[in-house]
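Take a look at the structure below.
Below, chain A is the first sequence line, B the second, and so on; all start at residue 1. On a predicted model such as this, the values are computed, not experimentally measured, just so you know.
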2 protein chains.
Amino acid sequence: MTKKIGKRATIRDVAKAAGVSIKTVSRVFNDEPNVRDEIREKVRQVGQQLSYHPNVAARNLARRRSHLIGLFFENPSPAYVTELQMGALKRLRGTGYRLLIFPVEDRADIRGAMVSTVYASGLDGVIVTPPMCDDPVILEELLASHLPFVRVAGDTSVHGTGSVVIDDEAAAFDLAEYVLRLGHRRVAIVIGDETHRSARLRLMGFRRALQAAGIEPEPAMEIQGAFTFQSGLEAGRRLLHHANRPTAILASNDDMAAGVLQAAHELRIPVPQKLSIVGFDDTALAQMVWPQLTTIRQPIFEMAERAADILLKQIEKGVASETAKLSYDLVIRSSAGEAPTG
Amino acid sequence: MTKKIGKRATIRDVAKAAGVSIKTVSRVFNDEPNVRDEIREKVRQVGQQLSYHPNVAARNLARRRSHLIGLFFENPSPAYVTELQMGALKRLRGTGYRLLIFPVEDRADIRGAMVSTVYASGLDGVIVTPPMCDDPVILEELLASHLPFVRVAGDTSVHGTGSVVIDDEAAAFDLAEYVLRLGHRRVAIVIGDETHRSARLRLMGFRRALQAAGIEPEPAMEIQGAFTFQSGLEAGRRLLHHANRPTAILASNDDMAAGVLQAAHELRIPVPQKLSIVGFDDTALAQMVWPQLTTIRQPIFEMAERAADILLKQIEKGVASETAKLSYDLVIRSSAGEAPTG
DNA sequence: ATGAAAGCGCTAACAT
DNA sequence: ATGTTAGCGCTTTCAT
């Protein structure tokens, strides 16, 4: 009669069919008070019959909220990215907020386009990860826009921005110290993509540990990588072909550690008997290679979950973005052992 | 003057400031014709000044389109999931469509709730992956809703639904045949999650190859896995502790193959000298383990890309969902070798 | 407890 | 080439 065939039922169709006003229907579908149970029931029933679903766009327009969160990332490790997504999604579950993903291939593309992208997608807020989240241009743009945003592993010293971090420097120090305690004196590092703040911090922690142990820094023992398996493989080959090769190699993430491990296998160097290798992050990959990686567990899932939590508070309650520091753990497995004697 | 402070500029603000009608502003921001270059320029400029961004909700409401695509998946392999996402996103780039992710933990939760979720999120269409996309309940629900959807690796025999697939049975046959040609007569398989159609097809291909080679099927050589690394590890341990252990093991995906490989390492069984292991999918993991996996390359990225393409056609042009079959490749690396003699 | 009317900010259809 | 007028389907006052 009133409902046109082939079109989705609207709030008006339901109101008419149930013999109430649209406001009452609205109340029912938003679980608001001031509706008699009897009528509430009736409206629900009619809604069901007409298979009514509130129109999201209309609701968003009236409420001025899209319930859309964007996750921007630029990370070569699938395991890392998945953790990030699942963590954020865990916090979002049951809130009505949804997650949109924005993998960024080229940072240059996103510089100056971040805010437009957010507007164009109608996002209520964004979660940003390294290295973007420490890029001054992007950060400035975000700050100026007054859009709600949080960062995962972003520099906490930036004023007025929230970030969920671990102490990368201390973690790298602890990891290096562990290796040194095993008796290694010739230890190398494969540095992560240097535009990542964490890569720099990890390098600092490493250097501090060596210094504390009285070991002279040596440029040849610091190789630049890019957080990818491939870069780890190449770095490993270079280090292991070195005339006076290291007995231990620290990689700035697990993917690169797996690459170094593969280089060791290629050269038939037994791990950990002749060479110790350690990673960082404790992603799923750390347990999939052989021997399993000794590494630092960075709680990526929890960090993302926490970031989403902070963001939601910011969006819904206008609470200023807070910063949180989570703890890390040294996870001892079998890829690192005592330094070879002789 | 007219623009309230602290609020986002609307199309009206821009129109007033530029001395034109809102329709003209609309034309400019939608790159429609029939606006003098001079005015177009002026409007753009004013828009810039007021930092005007069209309101997405309003636009969606008027256009009856959200430009949101949902990707539903339930897959334990991070590498697989990432490929899927990146593939779909590649096709979506530049179209204005965005990708929302819906990892499904428990299929029971989504049964009967899929369509409501889609409505609640205002999606224009969805991409569904196994095993959900072959679940009769879910498929029926989707079909009845008339929502645009495509499936990746879904059963192509279902009438009226599009799906992008490879020939899993033939691929598994080829893979098994390759192994048999290396002289193996005692070969086992680790089956994937049996609710996945591809797991069943791969098993069939495997069996057909054995039969063609005149090898008797043996229940102990077919172990149930779940497509996870852990399940592969456990299956590997069982198979390798068998009194008369296999000389070759086919795993239904790379993650499980990596698990089997780890079991071999634990037991100090040299691969491929004493044991050959092959995977399926050729995800990034296949090259990260040692020795690198001989496997079937399933073009997940391209499949997702193609699926997105089909979906877009369906949404924008009402084209009926098509089905596409992509080709696979046997990728020979080092995890499989000649059968040990004696 | 319920409803009427006025937006929300845009696009579509139809003038001019 | 440009503008006017209705919607789009919902939520928000504000009455009653």
Side-chain angles (χ1 to χ4, degrees), chain A residues 2-4 6-44 46-47 50-67 96 119-124 316, chain B residues 2-4 6-44 46-47 50-68 96 119-122 124 316:
Chain A
T2 66
K3 176 172 173 290
K4 285 157 223 145
K7 300 197 82 177
R8 259 175 71 172
T10 73
I11 196 169
R12 254 172 266 275
D13 298 323
V14 178
K16 201 160 288 182
V20 297
S21 75
I22 60 168
K23 179 66 233 193
T24 298
V25 178
S26 170
R27 285 201 180 92
V28 172
F29 280 90
N30 288 300
D31 289 318
E32 281 170 28
N34 297 338
V35 180
R36 281 204 314 255
D37 286 359
E38 186 189 326
I39 294 196
R40 198 178 285 276
E41 188 48 41
K42 169 80 177 166
V43 169
R44 284 224 175 279
V46 173
L50 302 181
S51 66
Y52 168 69
H53 293 275
N55 178 302
V56 183
R59 184 177 266 179
N60 289 347
L61 178 57
R63 288 217 259 242
R64 277 138 247 241
R65 187 145 293 173
S66 68
H67 294 277
Y119 279 127
S121 311
L123 307 180
D124 285 342
E316 306 228 292
Chain B
T2 67
K3 174 168 175 294
K4 284 157 222 147
K7 301 197 82 179
R8 259 174 71 171
T10 73
I11 196 170
R12 254 172 264 276
D13 297 324
V14 178
K16 201 159 288 181
V20 296
S21 76
I22 60 168
K23 179 67 230 191
T24 298
V25 178
S26 172
R27 286 202 178 92
V28 172
F29 280 91
N30 288 299
D31 288 318
E32 280 169 29
N34 298 337
V35 179
R36 281 203 314 254
D37 286 358
E38 184 188 328
I39 294 197
R40 199 178 284 276
E41 188 48 41
K42 169 81 178 164
V43 170
R44 285 224 173 279
V46 173
L50 302 180
S51 65
Y52 167 71
H53 294 275
N55 178 303
V56 183
R59 183 177 267 181
N60 289 346
L61 178 57
R63 286 217 261 241
R64 273 139 250 241
R65 188 144 292 175
S66 68
H67 293 276
L68 256 28
Y119 279 127
S121 311
D124 284 343
E316 306 227 294

Inset, instruction - Name the residue closer to the 5' end of DNA chain D, choosing between Ala57(A) and Pro33(B) according to the nucleotide with the nearest heavy atom. - result: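 This one resolves to Pro33(B).
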
Inset, instruction - Assess whether atom NZ of Lys42(A) is packed by more than 12 heavy atoms of other residues, nucleotides or ligands within 6.0 Å. - result: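 Open: at most 12 neighbouring heavy atoms sit under 6.0 Å from NZ of Lys42(A).
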
Answer yes or no: does a side-chain N or O of [X] lie under 4.0 Å from OP1 or OP2 of [N]?
X	N	result
Thr24(A)	dT2(C)	no
Arg59(B)	dT11(C)	yes
Arg36(B)	dT2(D)	yes
Tyr119(A)	dG9(C)	no
Asn30(B)	dT11(C)	yes

Atom-pair distance ([atom1] on [X]; [atom2] on [N]), nearest Å:
X	N	atom1	atom2	result
Arg12(B)	dT4(D)	CZ	P	12 Å
Arg8(B)	dC10(C)	CZ	C1'	12 Å
Glu32(A)	dG3(C)	CD	C1'	14 Å
Leu61(A)	dA6(C)	CG	C1'	13 Å
Lys16(A)	dC10(D)	NZ	P	14 Å
Asn60(B)	dC10(D)	CG	C1'	14 Å
Lys42(A)	dA1(C)	NZ	C1'	18 Å
Arg65(B)	dG9(C)	CZ	C1'	20 Å

For the side chain of [X], counting heavy atoms from C-beta on, which of [options] is nearest?
X	options	answer
Ala58(B)	dC10(C), dT11(D), dT2(C)	dC10(C)
Arg64(A)	dT11(D), dT2(D), dC8(C)	dC8(C)
Ser21(A)	dG3(C), dT2(C), dT2(D)	dG3(C)

Side chain to side chain, [X] and [Y], heavy atoms closer than 4.5 Å:
X	Y	value
Ile11(A)	Tyr52(A)	yes
Thr24(B)	Ile39(B)	yes
Val14(B)	Val43(B)	yes

Legend entry - Backbone N/O of Ile22(A) and side chain of Arg12(A): donor-acceptor pair under 3.5 Å: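 Side chain of Arg12(A) to backbone of Ile22(A): no pair is present.
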
Inset, instruction - Answer yes or no: is there a donor N or O on one side and an acceptor on the other, between the side chain of Arg8(A) and the main chain of His53(A), under 3.5 Å? - result: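 Present.
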
Restricting to nitrogen or oxygen on both sides, can you table the protein-nucleotides 13-16 of chain C pairs closer than 3.5 Å?
none

Legend entry - Lys/Arg cation over aromatic Phe29(B): Arg40(B), 6.0 Å, 45° cone: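 Not satisfied by the 6.0 Å and 45° rule.
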
Legend entry - Set of side-chain hydrogen bond (donor to acceptor under 3.5 Å, both in side chains) partners for Asp124(A), sequence neighbours left out: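 Asp124(A) satisfies side-chain hydrogen bond (donor to acceptor under 3.5 Å, both in side chains) with Ser66(A) only.
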
Inset, instruction - Have a look at Tyr52(A) and say if it touches a base, only the backbone sugar-phosphate, or nothing, with a 4.0 Å heavy-atom cut-off. - result: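 Counting heavy atoms under 4.0 Å across all strands, the contact made by Tyr52(A) is with sugar-phosphate only.
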
Inset, instruction - Scan Val56(B) against the nucleic acid and name what it touches under 4.0 Å (heavy atoms): base, sugar-phosphate only, or nothing. - result: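 Nothing, no nucleic acid heavy atom in range.
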
Legend entry - Comparing Asn34(A) and Ile22(A) on DNA chain C - which has the more 5′ nearest nucleotide: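 The answer here is Asn34(A).
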
